[in-house]
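Before any comments, here is the structure.
Start at 1 with the first residue, then count along the sequence.
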Amino acid sequence: MELRPAGEADLAAIAALHTRSWLSAYSGLLPGAFLKEVPERHRRQWRELPGDGFVVVAEVGDSVVAFGSVRPGQGDGDDLLLDNLHVAPTLRGTGVGQKVLEAVLRRAAQVAPGAVLYLWVLERNEGARRFYRRNGGSESVARQEEFAPGVVVEERRVEWRLPVG
């Protein structure tokens, strides 16, 4: 497995993996009507790489099997948002996600030493919450968020304090 920065040539594979991961992980957690719209949402989202952040991909052979996407946080300060961390459903539990998260944490510490890397995870997504806790994430505040029009979810913030130097 190779970990590397994503390039423009990876966009279609990232969008497809993003969709497969969501359909697997969020079935039963999000409304089916909303999930039917996910493939088109992800195709639109991944037309280009985020200009204000970075994306790390894990590749096996010529296939993108996982990715992590980071951008500036919402609000003041230097905090960074781990906007996406997805692993091919068939590879969950194999350590691929941990390796991508470690690569993201290293890169984030280079970009914003001493800041906080955070994400929002669905409260009911127990598997993801366990994964983040096992990998050093600290859960903090909860919130209700309108995920999409008419789709309100309970989320929990998970944080990592990035090292300085």
Side-chain angles (χ1 to χ4, degrees), residues 3-75 79-94 96-101 103-104 107-108 117-133 135 137 139-160:
L3 293 168
R4 60 173 177 76
E8 295 291 324
D10 298 314
L11 290 170
I14 290 170
L17 174 57
H18 197 174
T19 295
R20 284 194 317 275
S21 179
W22 269 46
L23 295 177
S24 171
Y26 299 144
S27 178
L29 298 179
L30 295 173
F34 172 75
L35 290 174
K36 286 180 184 178
E37 300 172 6
V38 163
E40 181 55 32
R41 290 175 135 232
H42 291 159
R43 277 192 292 277
R44 283 194 313 269
Q45 178 180 351
W46 293 106
R47 285 187 180 144
E48 60 186 22
L49 290 169
D52 58 352
F54 65 89
V55 180
V56 173
V57 296
E59 188 175 52
V60 174
D62 61 354
S63 298
V64 173
V65 298
F67 74 96
S69 172
V70 175
R71 61 183 174 89
Q74 300 159 334
D79 292 348
L80 299 174
L81 173 64
L82 178 54
D83 197 30
N84 288 287
L85 179 64
H86 294 281
V87 176
T90 57
L91 294 177
R92 288 188 189 136
T94 65
V96 171
Q98 180 178 0
K99 290 188 183 324
V100 171
L101 179 58
V104 163
R107 178 72 179 120
L117 177 70
Y118 72 94
L119 61 82
W120 292 96
V121 61
L122 294 180
E123 187 81 33
R124 293 176 44 211
N125 191 345
E126 287 297 330
R129 291 177 65 196
R130 278 191 304 275
F131 170 81
Y132 295 129
R133 286 191 302 266
N135 287 281
E139 290 188 348
S140 64
V141 298
R143 71 177 184 186
Q144 279 195 333
E145 180 72 10
E146 188 169 25
F147 209 66
V151 180
V152 177
V153 296
E154 298 284 332
E155 295 179 315
R156 176 76 53 180
R157 184 173 159 130
V158 179
E159 310 177 326
W160 292 263

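For the pair V65 and L17, the minimum side-chain heavy-atom distance is 4.5 Å or more. In this structure, the side chains of L81 and Q74 come closer than 4.5 Å at one or more pairs of heavy atoms. A 4.5 Å side-chain heavy-atom check between W46 and H18 finds at least one atom pair inside the cut-off. Taking 4.5 Å as the limit, some side-chain heavy atom of H86 sits within range of a side-chain heavy atom of W22. Between V57 and R4, some side-chain heavy-atom pair lies under the 4.5 Å cut-off. Side chains of R107 and V70 form no contact here, defined as non-hydrogen atoms less than 4.5 Å apart. Within the 4.5 Å cutoff, side-chain heavy atoms of W160 are placed close to those of L101. Residues F34 and Y26 have side chains not in contact (no heavy-atom distance under 4.5 Å, counting atoms from C-beta outward).
Separating the OG atom in S69 from the CG atom in L82 is a distance of 7.5 Å, to the nearest 0.5 Å. In this structure, I14 CD1 and L49 CG are separated by 6.0 Å, a value rounded to the nearest 0.5 Å. Taken from CD in E123 to CG in L29, the straight-line distance is 11.5 Å, to the nearest 0.5 Å. Interatomic distance, R143 CZ to E155 CD, rounded to the nearest 0.5 Å: 4.5 Å. In this structure, CZ on R129 lies 10.0 Å from CG on L122, to the nearest 0.5 angstrom. Interatomic distance, CD of E37 versus CG of L30, reported as 11.5 Å (0.5 Å rounding).
Across all non-hydrogen atoms, the minimal contact from A66 to V96 is CB-CG1, 3.6 Å. Residues H42 and A15 approach most closely at O-CB, 3.6 Å, considering heavy atoms. Summarising the geometry of G68 relative to V100, their closest heavy-atom pair is N-CG1, 3.7 Å, with the distance given to 0.1 Å.
More than 12 non-hydrogen atoms from other residues, nucleotides or ligands lie less than 6.0 angstrom from CD of E146.
With respect to R71 and D83, a salt bridge is recorded, a charged nitrogen being found less than 4.0 Å from a carboxylate O. The pair R124-E154 does not meet the salt-bridge criterion, since no charged nitrogen lies less than 4.0 angstrom from a carboxylate oxygen. Ion pairing between E159 and R157 holds under the 4.0 Å rule for side-chain N and carboxylate O.
Remark: side-chain polar atoms of N135 are paired, donor with acceptor, to backbone N or O of F131 under 3.5 angstrom.
Annotation: cation-pi pair R156/W120 absent, no NZ/CZ under 6.0 Å from the ring centroid and within 45° of its normal.
Inspection of the R92 and S24 side chains reveals an N or O donor paired with an N or O acceptor under 3.5 Å.
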